[in-house]
Amino acid sequence: MDKIRFATVWLAGCSGCHMSFLDLDELLFDLADAVEVVYSPVGSDIKTYPENVDICLVEGAVANEENLELALKVRRNTKFVVSFGDCAVLGNVPTLRNVLHGPDPVLRRCYVELSDYGGQIPNAPGIVPKLLDKVQPLHYYIDVDLYLPGCPPSADRIRDAIFPLLRGEKPVMEGREMLKFG
Amino acid sequence: MATKTLEKPTSQQQEKDKRFKILDVVIKKNHCRQDALIEVLHKAQSTFGYLEDDVLLYIARQLKLPPSEVFGVATFYHLFSLKPAGAHSCVICLGTACYVKDSPRLLEELAVSFNLHPGETTPDGKVSLMTARCIGACGLAPAAIFDGKVCGKQTPESVRTQVQNWLEE
Amino acid sequence: MSVVTLKIDNVDVAIEAGSTILQAAREAGIKIPTLCYLEGVSPVGACRLCLVEIKGSDRLHASCVTPVSEGMEVFTQTEKLKEYRKMLVELLFAEGNHICAFCVSNGNCELQDVAIEVGMDHTRFNYRFPERDVDLSHPLFGIDHNRCILCTRCVRVCAEIEGAHVWNVAFRGAAAKIISGLNQPWGEVSSCTSCGKCVEACPTGSIFRKGVTTAEMKKHPDYIEFLHTAREEHQWTR
Amino acid sequence: MEFSELQRIAAEYQAQRKPIRIRYCHAAGCQSCGSLAVAEALQREVSAQGLTEEVEVCPVGCMRLCGRGCLVDIQGKLYERVRPEDAPSLVASIKDDSITPTAPAGSYDHPFFAYQLPIVLENCGKINPEEIDEYIAVGGYQQLEKVLHSMTPQEVIREITISGLRGRGGAGYPTGLKWSTVAKMPKTPKYVVCNADEGDPGAFMDRSVLESDPHRVLEGMAIAAYAVGANQGYIYVRAEYPLAISRLQKAIQQAKRREILGSQIFGSTFDFKIDIRVGAGAFVCGEETALMASIEGKRGNPRPRPPYPAESGLWGCPTLINNVETFANVVPIIREGGEWFSGIGTATSKGTKVFALTGKVKNTGLIEVPMGTTLHRIVMEMGEGCADGKKVKAVQTGGPSGGCVPVEYFDTPVDYESLKSLGTIMGSGGMIVVDEDTNMVGLARYYMEFCRGETCGKCIPCRTGTVQLYQMLTKILSGEATEKDLESLRQLSALVKETSLCGLGQTAPNPVLSTLRFFEQEYKQLLKS
């Protein structure tokens with residue numbers, strides 16, 4: 001049998017969910033036995049999101065055009081998308097900028113007002129992706145098959161969510177252990 | 001959040017300001033009853049033009065109500081305003097009959113011509129624009145109220161002309 | 001005192017006449033989620049989480065304000081109720097700016113608990129991202145309106161138990177907001193006794209004690225119940 | 001004050017009248033068309049033509065065909081769209097048949113009037129609402145006198161019960177049952193409240209009644225107070241109706257002066273006082289528990305029921321709340337008997353109903369028809385369809401709490417049950433006609449925008465649900481929505497309807513559900529493929 005084509009994606013998040021993923025520790029060996037990691041900031045060097053992915057964990061909210069493009073691609077190329085962690089599920093910390101009304105005040109605050117001297121807003125075309133008007137959770141833009149909340153989700157929670165998936169079962173997302181936000 | 005003064009208005013201030021006396025009349029007429037709060041706020045609104053903090057505080061003291069309650073009630077009802085209004089008022093009715101007869105276009109016209117939106121007053125303080133849920137003049141839709149006078153069958157042009165005339169006063 | 005008997009989720013319950021369905025359910029060990037309800041202050045029936053179905057009625061009833069009656073058959077966990085409760089919690093999350101990750105009450109929050117209880121894993125509704133402020137003018141406490149769910153427990157506890165009337169709801173609808181005094185900074189409201197009851201009453205991390213950081217704010221809403229009972233029964237120890 | 005006194009006032013008043021009367025409407029609608037200037041011109045002309053001895057110009061209440069104001073009636077001839085410059089020819093035509101007045105002539109034979117059965121509006125457009133003696137001259141306050149001297153409270157309630165009268169505010173609760181519940185409450189004091197917070201956009205029946213015949217409402221309230229044992233009444237009027245407020249104030253003053261309100265009315269032991277409470281712009285205050293909170297000077301937040309106002313209302317006391325039109329029906333029921341009233345209308349809905357017919361309809365105005373009249377008769381015959389040759393698409397009843405009835409269902413008789421079966425409600429009586437150009441999704445969003453702005457914010461589903469529903473409808477209108485959004489719209493509508501605390505939230509999704517039911521195609525056409 002072919003191995004499950006497995007990916008993880010990192011959008012607007014702190015990478016904490018990926019760190020927690022790595023906390024699976026020795027279970028990573030079991031995972032490695034079951035899957036082929038085809039795309040992941042922590043498990044693969046491939047730079048473009050491939051086709052025919054079976055399962056993808058998406059960390060982070062959608063904050064800029066690059067995030068959005070990748071999210072749409074993930075959906076197109078993936079059978080089962082997991083919204084991975086509070087930023088993907090709820091928007092969480094990245095959405096704090098939304099109350100500032102659009103990207104311009106955010107960039108000004110960040111790069112001009114808070115700079116020690118000579119602040120300027122980075123604008124190199126093709127390098128700095130354009131910020132979207134509002135940061136949104138992943139499911140605002142694409143259909144999501146499973147929500148895995150937590151900031152970050154604990155390694156145990158990740159285990160209890162993804163190992164059933166590998167067996168082709170839907171994990172039971174119930175109770176404090178599996179659902180608590182934060 | 002603006003800091004607010006909490007001193008009781010001194011007797012001198014009150015003497016200066018006869019308007020507090022007008023308020024006192026209504027309060028006395030209602031025997032300082034707390035259920036008269038809305039009546040008193042109506043009077044305050046018409047006497048002072050809007051409900052300033054010191055007015056609200058004065059009412060709270062006279063009716064022996066917590067300031068939080070007075071503020072809560074004053075901000076619940078559309079007709080009470082915490083901000084001063086313009087010299088002239090234009091109210092566009094957005095009742096259903098007016099709506100199906102295109103009253104939103106009247107608002108669009110004012111937004112385009114004068115950059116005036118509901119709830120706003122022109123920078124020169126001359127005209128305030130408000131909307132009403134329904135003024136009951138549905139037979140004459142779309143309707144507007146110019147300085148208290150109900151005018152039926154309005155068009156974007158007629159509304160613009162009226163506001164223009166006020167601005168040129 | 002007369003007693004009525006009723007069935008809640010097919011369990012027979014006997015309780016004093018005049019009690020509410022919620023009281024009866026709690027006595028029978030049946031859990032109905034609540035947010036605006038707080039033992040010790042008057043119920044307002046506003047959060048709608050405690051809605052139940054009653055046999056013979058085509059409406060849903062808020063169990064915190066509906067009195068029991070003889071022979072009543074109550075259902076607290078039908079599929080419809082479960083779905084509605086979940087949607088209500090989702091609506092709350094979409095309404096404010098609830099970011100558990102760095103909230104003082106993370107892990108000790110009734111909103112978070114209710115979300116778990118109803119099985120909410122995300123919200124289907126669009127976030128509103130309202131612009132709300134934080135008031136830190138009080139020397140001991142703070143209020144973060146981003147986390148407020150307008151349950152009015154602070155308003156009621158301050159008015160009904162402390163008698164200080166610091167809080168009220170101002171404005172209306174989507175703009176409704178908890179205010180202190182004349183919409184002043186909390187620290188400037190002279191009637192505040194700094195008793196801290198609102199802090200204990202607040203179900204979320206909206207009202208908190210200064211100096212606590214993420215997940216450190218423990219709340220004791222049962223303290224309000226204790227105060228209320230103590231007054232009624234002259235039993236001043238817990 | 002005694003009965004003979006009433007008769008004396010009536011007789012004296014009649015004796016003073018001049019033989020020829022020019023009646024002009026001075027209710028709010030015609031006033032805003034300049035009816036006061038018309039009246040002045042008419043008066044001037046009467047003097048100029050030397051007719052002051054025999055002709056008088058009389059201000060009267062609403063003459064119903066509001067869309068064609070100013071309305072003037074000269075000896076049973078109706079004139080429409082009268083302007084001050086029409087006065088000379090109008091006055092001259094009184095004496096000289098050969099003169100044709102310049103104002104367009106209307107006709108009472110027109111279906112708009114012919115199908116009406118004025119019971120509530122029997123005095124509207126006939127008497128001067130600012131003059132109590134005119135009301136007395138048409139038999140006013142005789143029923144109150146009769147009730148106080150020859151009927152027990154139980155007999156009054158029985159008569160109302162027999163009549164089958166149901167609440168005209170919208171929900172249609174049996175009035176007799178409500179009265180008898182309040183009457184049986186042991187606790188005192190009791191209160192009678194008249195709900196005149198007519199907030200539905202597009203409805204102005206109550207305003208017209210208050211502006212045209214305020215004493216009838218006062219008399220109805222006094223009879224109700226006697227029946228339930230109350231001594232204090234409140235009329236809660238919305239501030240948007242200044243003319244209605246001033247006429248009510250005047251009416252109460254006059255009634256007090258005539259000792260019809262106050263202590264020991266008509267020499268009986270019954271005392272009754274009425275105070276006016278003016279709203280301040282809050283639609284939700286039409287909901288009875290919110291209305292009571294507002295009368296008590298509080299935020300207009302509804303509270304859960306039970307307890308119902310009949311048991312625990314104003315200040316925790318038993319309170320009878322009825323709407324203006326309900327109270328206005330009391331006098332004719334007492335006068336003619338409950339049996340008479342129950343002979344009008346349908347099996348479950350008795351009497352007549354006043355509707356405000358507006359929107360894209362040729363004849364806009366106020367109509368009073370027997371319950372069971374079909375929508376076709378109302379909209380197509382009385383209203384004559386759309387003015388500009390457009391096709392009528394539907395009629396919206398019940399305002400933001402109601403729904404629309406498409407033209408295919410116009411053979412529906414208008415009564416509480418039939419409208420309910422079509423997913424709408426009778427409501428207070430607003431009927432807004434929409435034509436083929438009206439976008440029904442846009443109309444649904446209009447109502448949601450209304451509810452979003454009017455929700456008090458107390459309960460979660462109404463406070464947050466209306467905002468979300470509004471956003472969903474906006475998304476659909478912008479062409480960005482998918483089938484999934486339509487499903488969410490349905491789900492959320494069901495939630496708000498079933499879980500909201502008060503009537504505002506419980507009915508807020510109705511316009512959405514109703515347009516989804518009859519005009520789903522319009523929603524589907526807007527979806528992204």
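So that the names make sense, note that chain A is the first sequence line, chain B the second, and so on, each numbered from 1.
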Inspect the surroundings of CZ in Arg160(B) and state if more than 12 heavy atoms from other residues, nucleotides or ligands are less than 6.0 Å away.
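Yes - once you tally the heavy atoms of other residues, nucleotides and ligands closer than 6.0 Å, there are more than 12.
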Lys43(B) atom NZ, neighbour heavy-atom count above 12 within 6.0 Å
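Not more than 12 within 6.0 Å, no.
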Side chain, backbone, both or neither: which part of [X] has a non-hydrogen atom closer than 4.5 Å to chain D?
| X | answer |
| --- | --- |
| Glu69(B) | side chain |
| Ile135(B) | backbone |
| Gln34(B) | backbone |

Under 4.5 Å from a heavy atom of chain B, the part of [X] involved:
| X | value |
| --- | --- |
| Glu198(D) | neither |
| Phe283(D) | neither |
| Ser208(D) | neither |
| Val278(D) | both |
| Leu366(D) | neither |
| Thr364(D) | side chain |
| Ala27(D) | neither |
| Asp200(D) | backbone |

Among [options], who wins on heavy-atom pairs under 4.5 Å with chain B?
| options | answer |
| --- | --- |
| Pro242(D), Ala28(D), Gly453(D), Gly69(D) | Gly453(D) |
| Arg68(D), Met205(D), Lys360(D), Glu240(D) | Lys360(D) |
| Gly300(D), Cys66(D), Gly359(D) | Gly300(D) |

I would like to know whether Tyr446(D) and Val100(B) meet side-chain contact (heavy atoms from CB on, under 4.5 Å); could you show each step before the answer?
CA-CA 10 Å; Tyr446(D) 162 80; Val100(B) 300; over 6 Å; no
Salt bridge between Arg277(D) and Asp35(B), side-chain N to carboxylate O under 4.0 Å?
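Answer for the salt bridge query: yes.
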Short side-chain to backbone donor-acceptor contact, [X] and [Y], under 3.5 Å:
| X | Y | value |
| --- | --- | --- |
| Arg299(D) | Gly72(B) | yes |
| Lys153(B) | Gly67(D) | yes |
| Thr358(D) | Cys138(B) | no |

Among the listed options Val91(B), Val70(B), Leu41(B), Leu79(B), the residue most often paired with chain D at heavy-atom distances under 4.5 Å
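Max contact count across the listed options: Leu79(B).
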Which of the residues Thr96(B), Leu37(B), Leu94(B) is involved in the greatest number of heavy-atom pairs with chain D at under 4.5 angstrom?
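Greatest number of close heavy-atom pairs with chain D: Thr96(B).
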Could you tell me if the side chain of Gln31(D) sits less than 4.5 Å from the side chain of Val150(B), heavy atoms only?
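Counting from C-beta outward, Val150(B) and Gln31(D) never come under 4.5 Å.
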Shortest non-hydrogen contact between [X] and [Y], atoms and distance:
| X | Y | value |
| --- | --- | --- |
| Phe204(D) | Gly139(B) | CE2-N, 4.0 Å |
| Cys134(B) | Pro201(D) | CB-CA, 3.4 Å |
| Gly297(D) | Val73(B) | O-CG2, 3.7 Å |

First locate atom [atom1] of [X], then atom [atom2] of [Y], and finally report the distance between them rounded to the nearest 0.5 Å.
| X | Y | atom1 | atom2 | answer |
| --- | --- | --- | --- | --- |
| Tyr77(B) | Cys285(D) | OH | SG | 4.0 Å |
| Glu296(D) | Ile38(B) | CD | CD1 | 10.0 Å |
| Glu39(B) | Ile276(D) | CD | CD1 | 9.5 Å |
| Tyr99(B) | Gln396(D) | OH | CD | 11.5 Å |

Compute whether any side-chain donor of one residue and acceptor of the other, for Glu454(D) and His78(B), lie under 3.5 angstrom apart.
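Judged by distance alone, the side chains do pair up.
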Does Phe450(D) have Arg133(B) sitting over its ring (NZ/CZ under 6.0 Å from centre, angle to axis within 45°)?
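Checked: cation-pi criterion met.
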